[in-house]
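The structure under discussion appears below in the form of structure tokens.
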Amino acid sequence: MNFFRGVMGGQPAGPQPSGADTIQKLCDRVASSTLLEDRRDAVRALKSLSKKYRMEVGTQAMDHLIHILQTDRSDSEILGYALDTLYNIICSDEEEEPDKDKIKVLIVSLYIHVFWSDLSVYLCLLTALLKSQCAQVQGIILVSPMGVSRLMDLLADSREVIRNDGLLLLQQLTKGNAAIQKIVAFENAFERLLDIITEEGTSDGGIVVEDCLLLLLNLLKNNSSNQNFFKEGSYIQRMKPWFEVGDDNSGWSAQKVTNLHLMLQLVRVMVSPVNSPGATASCQKSMFQCGLLQQLCTILMATGVPADILTETINTVSEVIRGSQVNQDYFASVNAPSNPPRPAIVVLLMSMVNERQPFVLRCAVLYCFQCFLYKNQKGQGEIVATLLPSTIDANSISAGQLLCGGLFSADSLSNWCAAVALGHALQDNLTQKEQLLRVQLATSLGKPPVSLLQQCTNILSQGSKVQTRVGLLMLLCTWMSNCPIAVTHFLHNQENVPFLTAQISENLGEDERLVQGLCALLLGICIYYNDNSLENYTKEKLKQLIEKRIGKENFVEKLGFITKHELYSRAAQKPQPAFSTPEHMLFDHEFTKLVKELEGFITKAVHKSSEEDKKEEEVKKTLEQHDSIVTQYKELIREQDSQINELKEQVSLLSSQKDQMQSAITQQLSQIQQHKDQYNILKLKLGKDSGQSDGGQQVNGLQLEELTLLREELEELRRQHTLLNTQLTDKDKLISSLVSTATYSPAQSVKY
Amino acid sequence: MAYAYLFKYIIIGDTGVGKSCLLLQFTDKRFQPVHDLTIGVEFGARMITIDGKQIKLQIWDTAGQESFRSITRSYYRGAAGALLVYDITRRDTFNHLTTWLEDARQHSNSNMVIMLIGNKSDLESRREVKKEEGEAFAREHGLIFMETSAKTASNVEEAFINTAKEIYEKIQEGVFDINNEANGIKIGPQHAATNSSLAGGQGGQQAGGGCC
């Protein structure tokens, strides 16, 4: 279309030649001229026309230009013109698509001339090509042997211009292509880029630093393999010095703000909640170990940091500590350098409930607080403790005080943030849900204190802004889910259930639908987590109430208003609270999970008849009984198992003892035999001697003495032998008895 | 962690011979029985000790499928070691070794150490390639050879470590130019720059010479 318009529309009525005609003539000349000068002039003319008649030059002259690149490579002048012309043609934002083969030829021919002509122009040309034909060019470069590797060498080029052009090219090349990203990383991109960033003065460096950071982001975003490589290569440690911004934060150039912003984003990419938990955890660990987290916290508490950077730093700290106990503990210990020193958490919460702070900053603080409490029972306990009567310290501002202040302030945004924040202190933590029931508030002079729960419902019924009521209802739902005691407390106030039923049953306008849905959810929670301890508000009675006053179908429909809300799914996507405007601040991510979990249960619970309920209760009970029986038997088996093991050990000990004894006996037996032999020999000798002469009497007398000695010894050995024999039979008996018990026991356990 | 040397490895071979499993067994000490096709390449790393020196291995596990061949070729040049893997229960994977070797020799630097690995040695009953054949092939082409089982972890450590030993020896002999990172070898930061985390405030001077 564009082409036709260009050709037809541009046709003047007079004898003047049209653009297309001129271009055709020039093309002919490029193709047919034998003299280099003529071709050169023609290409130069084409170049001058290529901006105005981009389409025409593109369609008519492309082939000729590529031909020139191949045949006239020895003349740098004509090459320059041809490349410039091609650049002008390709640098188009029109959607017209040059076909893949042409691009291929173009790239190859361009590549051949890299060393001949202006490398810088070549790089710009390729970058431009990538911008307009990204996927196709990426595919071509990827399959060309060493294509990516060669381009990587650009980063090591000693000419700064080439290096910088190379950076821009790689930025385009790595966009959205994981395979290329990995090869670039393999070719030591991290090392090179971090070196360049350091050489250029990190955040104080110019746009080159920005380009390096953008390329790093391309390489790491959503690429777990590269993230792993980055972490294993100890590159996280090398990011730490980036955040050593001095204390005099006077001069923050726009470039520095941009650079730091990207640096913070890079940290976030590594610990993003969407990464696999294991990968994020190990990155969080090394960020603490190398002091990166500490450095970020210093920026957090420094003065004069631009709000933009401060906000992003808060978001970054949030994700570095999220779900990591060590990092969360460290964060809890950070103090602001004020006098007296205040915990960083308190200082941040002050901003959250301060109307004059920028909206994005308040969101960031809320996110930080949520991340601090995420999977952090200890932290949750500490926050709730600041509200409990026994631990309140009247002299200093505490997190709890700030949250309560925010909950009941006149600013609906503060109400919402405080409610959500407090909800996170209760998330999955039954102990804190019960603890928070103890909190009493002094309202006005002379009046008795009111419980926090009561105060929340009071404000709810006063009909404040939607945002406030949504926040409070989410807090109540989080508080009472999975906590029958809280449900009982809530039901104990006679006004609460009528208020909820009235809200749900009324036919209210569009704005009120979400509140109605949340009221239905809360009433549902009162049924689902009801332990039937209040006679007027048992599960059964509440269900009858719904049927009478609201109608089951109506109730379920109202409940569905929550998930059908347009902002619900957006909040469900990721943990960070990101709202385009303050009015959109309605859903909390964790709360969306709770809704998802409970909606089905509540719908079922409401629809179920009382008989089914009873039946289920019975089934539950029998199941529990079965479970307890099984565990009893399991324990028994475990016990017997350990007994068997003990016995086995004993058996092996005894049998080894027996072996020892036996060998001792055989030894002694052989000794005895030896003695016997000796004795016999001596006896024989004695007989001979006595028959031979009398002169040997003395000798014989001696032998006799020896003989008696030997006899005694023999006697002694015999005694020992019998003793050992009896011992041996004893042991044998013991062993056989143990073996029989051992074989008996397993048989016993099989029976169960 | 400080290391004396860093070696880059690649693992190559037909699809399904157990390349990813070898890597997983080496880095995580576990076995995954389900075959999950590798897309392009995946990265893994581990520290080993040779001759009392800490050596960091960075390993790129490549996809065996033909369609990824052009991508995986980009990894040959920068690697110091390669594990060329076949499956002892599938003769065809052994028959393809020549092609793999040609490819590797063509695209890698000439000093790259190649270890031939016959994997799945636990499946003796289904063996199709004799150990002697593997040995003969290795001898003929100047490779080191080993049979491994990623499932039982038999010889897995040895395969990676022996390759590293060979590279280490080549370094000692001066065969490798260790200052050229394109060879897949890097000298570690040694003992420098480890105590900088203690210096809180001014990060001005931090050069060498602190402890000595």
Centroid separation F229(A) to W60(B) less than 6.0 Å: yes

Close approach to chain A in residues 27-45 of chain B, criterion heavy atom under 4.5 Å: I39(B), V41(B), E42(B), F43(B), G44(B), A45(B)

With R69(B) via salt bridge (charged side-chain N to carboxylate O under 4.0 Å, His left out) - residues at least two apart: E66(B)

Partner residues of R105(B) under the salt bridge (charged side-chain N to carboxylate O under 4.0 Å, His left out) criterion, sequence neighbours left out: none

Salt bridge E147(B)-K120(B), side-chain N to carboxylate O under 4.0 Å: no

Electrostatic pair E157(B):R46(B) at N-O distance under 4.0 angstrom: yes

Heavy-atom proximity to chain B below 4.5 Å, by part of Q294(A): neither

Heavy-atom proximity to chain B below 4.5 Å, by part of N223(A): neither

cation_pi(K8(B), F186(A)) dist<6.0 Å, angle<=45: yes

Selection residues 139-163 of chain B - residue pairs positive for ring-ring contact (aromatic ring centres under 6.0 Å, His included), sequence neighbours left out: F26(B)-F160(B), F137(B)-H141(B)

